[in-house]
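Numbers restart at 1 for each chain; the letters A, B, ... are given by sequence-line order, proteins then strands.
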Amino acid sequence: MEERTLSHYTTPTQKTLENLFEDFMKKESIFKNKDALSIKYRPEKIYHRDEQINTLSRILAPVLRNEKPSNIFIYGLTGTGKTLVTTYVTSNLEAFAEKHNIKLRVLFANCKMKKVADTEYRLLAHLANLLGEEIPTTGLPTDEVYRRFYNALERVGGNVILVLDEIDALVKKVGDELLYNFTRMCETTNDVNVSIIGISNDLSFIDCLDARVKSSLSEEEIIFPPYNYEQLKDILFDRAMLAFNEGKIDEAAINKCAALAAQEHGDARRALDLLRIAGEIAERNNDDRVEEKHIDMAEEKLDLDRMTEAARVLPKHSKLVLFAILTVLKRKKCVLTGDIQKSYELLCAQMGLRPLTQRRVSDIIAELDIQGLINASVISKGRYGRTREISLSISKTTHDKILLLLKQELDL
DNA sequence: AGTCCACAGGAAGGGCAGGCGA
DNA sequence: TCGCCTGCCCTTCCTGTGGACT
């Protein structure tokens, strides 16, 4: 029988593909350990946060003597190391407690996590589930969920630290009554010391709270200032050493990355994302090393990805409103709510849909603004009323890509 | 100074889907 | 199966607002 080799079956294009894969295999990878650039990575050394680590550790240390530590409120902008430092300190504390037979549980919840902890019910259910109490995703009265959560707490006993990350998002959504209940719980639970660590990006958040909640939650406060250029450079060099093979990244590229992130209120998370994507782009382009140009490309890609993804997951009517806005903004520099309402209603008529009311569309425009897909600011035109002036917040390329995506998604 | 416009945005509640327990 | 509960999305109704116009 005729011997059949791979080439026997392959067309010229496939042959090229085979070459491509072979080239890829032969080439030394740019990355040594890409995980070192991911958000989930827990570095051994945390740079420029010694003060915060020490403060947090000192405040929490009393649990080791079975005393209830003060509640703590931590705030700082995105990517300033709040979550990283908190998990670093609490996990070390847990390990230490375990070694010395001290009962300690740390319960972590990200209050922005959709479908997990973004409502009062879900947060309680999530925390109770962490304590081994099965609570259905819906169906129970809230007081029953509270009761089961308290029971689970008292059953576990000892010391419990509740870490509520992005707590401002939840309070904005459901109000501060939940925090009031939590702080009351800290004072009233028997046989268990409960402390709360609230983490927020919003510096003004604490001022919006009820006075009792405010004083109880912020018994101690820790502020995380933004990283400056030099600090970001230290962080990035450290991670780049772990993530890239030797000689595969230019120092200039790291500096550029740090400079861009420093402009973005010292966001280390964004800096690490930039570095990772730049590496991926260099690898895909078959380039030997990561250079400054790759950082530029990564920045563009990061923005585009963030925006297109945000647009893709919008509900249908939000997509229609965004489509109306982007279409009108093709012709004009800025538009008003009334113009958008009209063009949105036309679109609905075209698609045979019943349009939402102006009240709802107004909210959708505000939501799109919060997501950074558009710029919308309330202005007064005097005799001609008060309205929102809407303009583009994205580059022309991103604008075109999102418009195309919406056209496909909406079947227009 | 008072009027008026075109909304913004708060409050209340309706309707729906989905889960639970009796 | 039914009543009760939740979250979610939406409408209706309403008051508030800043500045051009009179």
*Scan residues 329-344 of chain A against DNA chain C and write down, sorted by residue number, each residue with any heavy atom closer than 4.0 Å; if none is found, say none.*
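Those residues whose heavy atoms fall under 4.0 Å from DNA chain C, taken from residues 329-344 of chain A, amount to none.
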
*Five pairs at each end of the helix from B/dA1-C/dT22 to B/dA22-C/dT1: take the axis at both ends and give me the angle between them to 10°.*
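End axes: 20° apart.
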
_Interface with DNA chain B, restricted to residues 354-383 of chain A and to heavy atoms under 4.0 Å_ =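 Listed by number, they are A/Gln358, A/Arg359, A/Ser362, A/Val378, A/Gly382, A/Arg383.
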
What is the distance from [atom1] of [X] to [atom2] of [N], rounded to the nearest Å?
| X | N | atom1 | atom2 | answer |
| --- | --- | --- | --- | --- |
| A/Lys316 | C/dC9 | NZ | C1' | 16 Å |
| A/Leu320 | C/dC10 | CG | P | 11 Å |
| A/Leu124 | C/dT6 | CG | P | 12 Å |
| A/His317 | C/dC8 | NE2 | P | 19 Å |

Could you name each residue pair satisfying salt bridge (charged side-chain N to carboxylate O under 4.0 Å, His left out) that touches [range], not counting sequence neighbours?
| range | value |
| --- | --- |
| residues 348-364 of chain A | A/Arg359-A/Asp363, A/Arg360-A/Glu367 |
| residues 69-92 of chain A | none |
| residues 306-322 of chain A | A/Asp303-A/Arg306, A/Glu309-A/Arg312, A/Lys319-A/Glu409 |

*Hey, are A/Asp273 and A/Arg276 close enough for a salt bridge, meaning a charged N less than 4.0 Å from a carboxylate O?*
yes

In terms of side-chain heavy atoms, does [X] have a donor or acceptor partner in [Y] at a distance below 3.5 Å?
| X | Y | result |
| --- | --- | --- |
| A/Asp165 | A/Thr83 | yes |
| A/Arg269 | A/Thr80 | no |
| A/Thr398 | A/Ser395 | yes |
| A/Asn66 | A/Asn193 | no |

*asked:* Test side-chain hydrogen bond (donor to acceptor under 3.5 Å, both in side chains) on A/Thr78 and A/Arg270; report intermediate values, then the result.
replied: CA-CA 9 Å; A/Thr78 318; A/Arg270 183 175 163 84; over 6 Å; no

*Shortest non-hydrogen contact from A/His265 toward A/Leu77*: CB-CD1, 3.7 Å

